[in-house]
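Everything numeric here is computed off the predicted structure, so don't read it as measured data.
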Amino acid sequence: MATQIAPEEYARLQSWFQAVDTDRSGSVSAKELQVALAKGGLNYSLPTIRALIAMFDNDRTGNVSFQEYCSIHFFIMNMRNIFVQNDVRRTSSLSPAELQHALTAAGFTVGAPTFEVVARKFDKDKRGTFTMDEFVEICVHLSIARSIFSFFDTDRDGLATFNMDTFIQASIYLSP
C-alpha cells in the first residue's frame, strides 16, 4: 500500500514510523502504537490496538511493519473521513441515526436489533452518542466479525451453521 501514495506522504509516514519504533526493531508493538496514536489524539484501548494490528498483520508477528502501519493509517483516516461526513450536527460525536449511516458508509449493514446491541456495547459513557474513537472501535469489531463469519459462510449466502465448539472458537477472536 505504501507504494501507492505520494512520495511526500510516504516520507512523512516513514519518519513517523521510525520515531515510534523506539527499540529500532523495524516493527511497532501494540503498546508503541497505542502511545503514538494517543499523541496524535487517537485514544484507543490496548485491546482495540491489538485488534487493529490483527486486521493488518499479514505476517502474523503480533507487531506492525511499516507496510502494515500504512494500512492501519489509511483505515483510520478512511474511518475518520466517514465519521466527519456523517457528523451532520457537527458535535464531534455521532447520534445513533448518524452512527447507522456512518456504518453503512463504511460497508457494514446490520439489522436494528444487532445495531442496538452494538450501540449499547460501544457507548462507553452511556450518553447515546459515539466519538470517533468509539466509531473506529465499532468498525474494527464489525470487520473482524465479518471476516470470521465469512470463513464459515462457505456458500457466501449470508448463512452459516455453528455447533457449540465452533461458536466458541469463533467468539474467541472477537474477545478483546
Side-chain angles (χ1 to χ4, degrees), residues 1 28-38 40-64 68-87 91-154 156 158-162 164-176:
M1 176 170 290
V28 174
S29 70
K31 191 65 183 163
E32 287 173 318
L33 185 59
Q34 182 185 37
V35 168
L37 290 173
L42 302 172
N43 300 300
Y44 302 116
S45 68
L46 200 51
T48 297
I49 296 293
R50 287 187 181 121
L52 267 169
I53 289 173
M55 282 175 55
F56 296 101
D57 185 14
N58 297 326
D59 57 7
R60 301 290 178 230
T61 62
N63 291 325
V64 177
E68 293 163 342
Y69 165 72
C70 289
S71 296
I72 290 172
H73 171 79
F74 288 112
F75 174 81
I76 291 173
M77 293 302 101
N78 186 39
M79 293 303 106
R80 181 205 271 169
N81 290 339
I82 290 169
F83 181 91
V84 169
Q85 290 168 359
N86 285 277
D87 180 15
T91 60
S92 298
S93 66
L94 300 177
S95 69
E98 290 169 332
L99 175 62
Q100 191 137 33
H101 286 114
L103 289 175
T104 300
F108 303 107
T109 304
V110 295
T114 301
F115 176 79
E116 292 298 322
V117 170
V118 168
R120 270 195 309 275
K121 177 175 175 60
F122 289 95
D123 182 10
K124 292 181 182 147
D125 60 10
K126 306 302 179 205
R127 292 186 183 172
T129 59
F130 302 87
T131 64
M132 208 266 292
D133 296 340
E134 290 168 330
F135 174 65
V136 168
E137 288 183 23
I138 292 169
C139 290
V140 167
H141 183 82
L142 293 177
S143 181
I144 292 170
R146 181 172 46 200
S147 293
I148 293 168
F149 184 83
S150 69
F151 178 78
F152 296 102
D153 181 15
T154 55
R156 303 292 178 245
L159 300 172
T161 302
F162 293 92
M164 186 59 149
D165 283 347
T166 305
F167 177 75
I168 290 169
Q169 290 172 30
S171 68
I172 293 296
Y173 292 102
L174 288 172
S175 301

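A donor-acceptor contact shorter than 3.5 Å is absent between the side chain of Thr91 and the backbone of Asp87. Between the side chain of Lys121 and the main chain of Glu116, no donor-acceptor pair closer than 3.5 Å is present. With Asp153 contributing its side chain and Gly158 its backbone, the two residues share a donor-acceptor pair below 3.5 Å. In this structure, Arg146 contributes its side chain and His141 its backbone to no donor-acceptor pair below 3.5 Å.
Within the model, atoms CG of Asp123 and OG1 of Thr129 stand 6.5 Å from one another, a figure rounded to the nearest 0.5 Å. The CG atom of Leu46 sits 8.0 Å away from the CD1 atom of Ile53 when rounded to the nearest 0.5 Å. Taken from CD in Gln34 to CD in Glu32, the straight-line distance is 11.5 Å, to the nearest 0.5 Å. Considering OG1 of Thr61 and CG of Asp57, their distance stands at 4.0 Å, rounded to 0.5 Å.
Across Ala106 and Phe135, no two heavy atoms sit closer than the pair CB-CZ, 4.4 Å. Residues Asn43 and Asp133 come closest through the heavy atom pair O-OD2, 3.3 Å. Here the shortest heavy-atom pairing between Glu68 and Asn58 reads OE2-N, 2.9 Å. Between Ala160 and Phe152 the shortest heavy-atom distance is CB-O, 3.7 Å. Val110 approaches Thr114 most closely through the heavy-atom pair CB-CG2, 4.0 Å. Residues Arg50 and Ala30 share a closest heavy-atom pair of CG-CB, 3.9 Å.
Phe162 and Phe167 have perpendicular rings, their planes meeting at more than 60° on a 0 to 90° scale where under 30° would count as parallel.
Partner of His101 under the side-chain contact (heavy atoms from CB on, under 4.5 Å) criterion, out of Leu94, Ile82, Asn86: Asn86 alone. Among Glu134, Met79, Met55, the single residue meeting the side-chain contact (heavy atoms from CB on, under 4.5 Å) criterion with Cys139 is Met79.
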Worked check of side chain to side chain contact (heavy atoms under 4.5 Å, CB included) between Cys70 and Phe56
CA-CA 9 Å; Cys70 289; Phe56 296 101; over 6 Å; no
Mind running side chain to side chain contact (heavy atoms under 4.5 Å, CB included) on Tyr44 and Leu33 for me, showing each step along the way?
CA-CA 10 Å; Tyr44 302 116; Leu33 185 59; over 6 Å; no
Pair Leu99, Val118 - check side chain to side chain contact (heavy atoms under 4.5 Å, CB included), show working.
CA-CA 11 Å; Leu99 175 62; Val118 168; 5.9 Å; no
Run the side chain to side chain contact (heavy atoms under 4.5 Å, CB included) test on Tyr69 and Val28 for me, step by step, so that the C-alpha distance in whole Å, both residues' side-chain angles and the decisive distance to 0.1 Å come before the verdict.
CA-CA 8 Å; Tyr69 165 72; Val28 174; over 6 Å; no
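Under a cut-off of 6.0 angstrom, the local environment of CZ in Arg127 is sparse, with at most 12 non-hydrogen atoms contributed by other residues, nucleotides or ligands. Counting non-hydrogen atoms of neighbouring residues, nucleotides and ligands closer than 6.0 angstrom, the CE atom of Met77 exceeds 12 such neighbours.
A 4.5 Å side-chain heavy-atom check between Leu37 and Ile76 finds at least one atom pair inside the cut-off. Phe108 places none of its side-chain heavy atoms less than 4.5 Å from the side chain of Ile138.
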